[in-house]
Amino acid sequence: MPRYWLFKSEPGSYSIDDLERDGRTSWEGVRNFQARNLLRDEIAVGEQVLFYHSSTQPPAVVGPAEVVRAGYPDPTARDPSSRYHDPAATEEDPRWYMVDIAFRERFPNPVPLAVLKETPGLEKMVLTQRSRLSVQPVRPEEFEIVTRLGRGG
DNA sequence: GCCAACGTTGGC
DNA sequence: GCCAACGTTGGC
């Protein structure tokens, strides 16, 4: 049973435009243990991801993407020149993980956070309850509702 | 720019 | 192992 996820990114850092241009990308830089555990252990190839723009006006889900490579060590953790460098990461214990995702679609109608908050069926979304988690699970019915809104229906 | 929420760190 | 201090995220 495939599962669904939501990945947050500040568009100034990496946006849906960047993903569309690149085709695919590695989701580096996640430095939160709960999110790390999802990336390392749970998220599987073929699963769908809602791409969310945070810290922007308005914050919104901007389109779906797809997981094309499952969890593997995030090399930026061991790169001293990276802003994501973590001295605690070693080859034996990489500490931080990432997955690769591919562009699938850009919503004609990005779905703002305010709309998510007032849409029936989305009351329990992790996004509105534990908003700071940058990689989070999405229920199948939530994915369905959000993609319908994003496609304009 | 403010500030609430909350994850992480470190002293004890 | 607790918990206060601190830092970061992210909506507003």
Side-chain angles (χ1 to χ4, degrees), chain A residues 3-22 25-43 47-65 67 70-101 103-139 141-152:
Chain A
R3 285 172 296 176
Y4 300 87
W5 311 97
L6 182 145
F7 287 11
K8 288 194 293 189
S9 182
E10 298 188 19
S13 171
Y14 196 86
S15 71
I16 188 82
D17 300 321
D18 296 319
L19 183 60
E20 181 169 25
R21 181 199 62 220
D22 295 343
T25 193
S26 53
W27 204 256
E28 69 208 29
V30 173
R31 296 293 179 267
N32 166 282
F33 289 107
Q34 208 177 335
R36 186 281 308 270
N37 293 346
L38 296 176
L39 292 169
R40 187 188 58 190
D41 306 329
E42 306 291 338
I43 301 176
E47 294 180 339
Q48 302 293 117
V49 172
L50 294 175
F51 197 114
Y52 177 81
H53 281 175
S54 66
S55 296
T56 187
Q57 195 50 250
V61 177
V62 291
V67 179
Y72 62 106
D74 179 347
T76 65
R78 298 186 56 226
D79 176 0
S81 69
S82 171
R83 58 189 283 233
Y84 301 122
H85 180 237
D86 179 357
T90 64
E91 188 168 8
E92 311 79 61
D93 178 15
R95 194 149 134 123
W96 303 113
Y97 284 76
M98 62 188 188
V99 301
D100 292 355
I101 61 171
F103 178 83
R104 278 295 166 266
E105 182 183 336
R106 175 203 303 270
F107 284 150
N109 295 347
V111 189
L113 178 60
V115 171
L116 298 176
K117 284 180 175 171
E118 66 187 18
T119 299
L122 301 182
E123 298 87 352
K124 292 183 182 168
M125 274 193 89
V126 176
L127 185 66
T128 57
Q129 307 209 327
R130 234 172 265 171
S131 66
R132 290 187 50 192
L133 192 59
S134 65
V135 170
Q136 50 182 256
V138 171
R139 295 172 187 80
E141 59 272 25
E142 294 167 344
F143 184 87
E144 163 71 27
I145 292 169
V146 173
T147 50
R148 181 154 29 87
L149 291 170
R151 287 168 180 157

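Proteins come first, then strands; the chains are lettered A, B, ... in the order of their sequence lines, and each starts at number 1. Since the model is a prediction, treat every value here as computed from it, not as a measurement.
F7(A) is linked by a ring-ring contact (aromatic ring centres under 6.0 Å, His included) to W27(A), counting only residues two or more places apart in sequence or in another chain. Scanning for ring-ring contact (aromatic ring centres under 6.0 Å, His included) contacts around F33(A) gives W96(A), with sequence neighbours left out. With sequence neighbours left out, the ring-ring contact (aromatic ring centres under 6.0 Å, His included) criterion links F107(A) to no other residue. Partners of T76(A) under the side chain to side chain contact (heavy atoms under 4.5 Å, CB included) rule, at least two apart in sequence or in another chain, are E28(A), R31(A), D74(A), S82(A), Y84(A).
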Throw together a table of side-chain donor-acceptor distances under 3.5 angstrom for residues 49-58 of chain A, partners on residues two or more places apart or in other chains.
{"residue": "H53(A)", "atom": "NE2", "partner": "I16(A)", "partner atom": "N", "Å": "3.1"}

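Nucleotides of DNA chain B that come within less than 4.0 Å of any heavy atom of chain A span, from the 5' end to the 3' end, dA5(B) to dT8(B).
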